[in-house]
Amino acid sequence: MSLRISEAVIWQETGEGISLYHTETGDFHSLNDTGSRIWRLVASDGEREPVMFKLSRDFAGSNSAMSRRIVTDVEEFIGAMIEQGLIEEVPAEEPAVKEESLS
Amino acid sequence: MSAGTPFTGTVSTGTLSTGTSSARPHPMSRAVVLGGGLAGVLAAAVLAGHADEVVLVEGDRYPSGPRPRRGLPQSHHSHVLVAGGARALDALLPGTVDALLANGAHLRGLPGDALIFSADGWFRRLRTDAHLISCTRGLLDQVVRRRALGGGDVEVWEDTRALGLTGDEARITGVSVSRRGAPPETVRADLVVDATGRRSHAPRWLAGVGAGDIEEVSVATGLAYATRLYQAPGDLAAAIPAIMLHPGTAKGQPARGATLFPVEDGRWIVTLTGTRGGEPPTDEQGFTAFARSLRHPIVADLMAEATPLGAVWPYRDTVNRRRFFERARLPAGFAVVGDAAVAVNPIHSHGMSVAALGALRLRDELARHGIGPSLFAGLQAALAAEAERSWRMAIEQDGQRVTARATARIGERAGEQVTEGVAERAGGDDAPRREPNAFEREIRTRLAQAKLSSPRLAAAFFGVQTLICDDTATDRSEIARVLTGRPEPLLTGEEAIGQHPALAAWLRLRFAAATG
Ligand SMILES: Cc1cc2nc3c(=O)[nH]c(=O)nc-3n(C[C@H](O)[C@H](O)[C@H](O)COP(=O)(O)OP(=O)(O)OC[C@H]3O[C@@H](n4cnc5c(N)ncnc54)[C@H](O)[C@@H]3O)c2cc1C
């Protein structure tokens, strides 16, 4: 399964990280630095593995315990985003990235 | 008077038949409604289909014509009936809206027949199902009373004050009243409905029979009203849109606004509103100057062209106040309707509509259960549910939703400590509010301005405001569209007025006359 940002989400980079607005629920969200980083990777890569890989490379280096921990944390974060309808899981062949931004 | 006594014979009844007849297998059922405002009159009309006798106890005297009255101090002020209430009223008393219109009331579509300067800008004329009916409160009450009480099924006791309840914490058996200042007497009842409005003493009355406390919530508004009627210039009297000037968004300033609605007999009713520090004056000059100082002069200009009729009337008791009778263990045989239970800031124009919706619900509950224990079990909760939307809307005026924060923390490379990843969603009622960031402010502004010109967003917005739909009816794909598309330009005041040909022509003439 690929990941993509929900079409119902409008998001923007702000000084404080990424801010999101879910047009269907009317909820605003703001992501901290790390959350913003994951979000950007989901937006650009659209797959779990490269997201996990890049984050554990950057944060854990060769520490495998840390790497496992990071994978768990990222899974949890993405899971929460999916639960809230901010990120969607789609079959791999569908276009994975859809960005909406304020014009 | 003793608790639980079915019928004591102490009733002074006028033409009311007072007791059970030995020829009848079942005792006569009697409902007594306290307060003959809109909620009480509608409740009495509904009960007439289910109780053998219905008595409506009103402390005031009804005027002979469509005029304000002492027991209803708010009847000097603008009262518009929003679409949800108009529908409910017609469902209860078919043909009432037509009768109002035939008697000179005006129907104005929202925002199609309205000139509205909201905090976000001027609305375009857009057709939606939302509308309001505008006439004086005196006319509305008179038309409703005739239709609701004209059949003679309800015994109306004017000049009669309700003093308290009889019974105990388990069962209300009647009510103590005083007719025209006479000594108190007890009226037996199978059901007592309190509809005595904002100043209801129901919690005290309940305490008097040993029932528990009633939880009460008040949300102050600081809002003051000042209202005056005008004889309108003939050509413009009925051609005018409903005019609403909302307060602007300036922080730390009192919120000051105005409405001008056409009412029957070629008149306009002008209401000026202001919060603490910006209350509208009630003297001639001050009233005019206040209107002139608003964000746009249109109301002041129209006032200048019209002839004042009578005094400027003030009103200050605008607090949102809810008594949660439905949460208490109410004695059987007692219910509360209308403002006595839930009274919202009048700026929302909901009270009469909620009264009509409540009466419809009462009718449904009576049809299902009749007057008896199974009715009493859930009646107050059902009535409260009809007021819920209006109450929520009133107390969440700013409509701001608490921002959800999503936070991800993962192991820091430099630090040895690995922090649990967190994806938390703070939200709901307990979440701390924080200042919206620039992104949120932009989204909110874009959405607020989009509803000025998007037919779908305007329909949803006014549908909610007029109680014909709830906020889930908002077309979310339209929200995405307006946020990602190019925003519609905002109208200037001149353009907004230009949408209303009669008003625009009048302003042109006025300008031409002034410039000679
Ligand atoms: C300034 C103002 C403007 C408003 N504008 C609007 C509007 O535009 N649209 C809208 O829908 N609503 C509006 N409302 C709300 C509306 O007035 C009420 O919601 C509506 O009147 C229904 O109330 P009610 O019947 O519950 O009480 P009320 O209308 O207050 O009636 C209570 C009745 O009980 C009687 N009474 C009181 N005590 C006793 C007693 N002890 N014994 C016997 N009789 C008693 C009174 O004489 C009165 O007749 C406005 C309110 C205010 C204050």
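So you know, we letter chains A, B, ... as the sequences are listed, proteins then strands, and number each from 1.
Nearest heavy atom pair, residue A:Leu20 against residue B:Phe439, reads C-CE2, 3.5 Å.
Between the OG1 atom in A:Thr14 and the CD atom in B:Glu442 there is a gap of 11.5 Å [rounded to 0.5 Å]. Between the CZ atom of A:Phe28 and the CZ atom of B:Arg444 there is a distance of 4.5 Å, given to the nearest 0.5 Å.
Listed by chain and number, the residues in a side chain to side chain donor-acceptor pair (under 3.5 Å) with B:Arg327 are B:Glu215 (sequence neighbours excluded). Take B:Trp391 and apply the ring-ring contact (aromatic ring centres under 6.0 Å, His included) test, not counting sequence neighbours, and it matches no residue.
Side-chain atoms of A:Ser30 and B:Asn437 form no donor-acceptor pair, as typed in the model, at a separation below 3.5 Å.
With a threshold of 4.5 angstrom between heavy atoms, A:Ser19 approaches chain B through its backbone and through its side chain.
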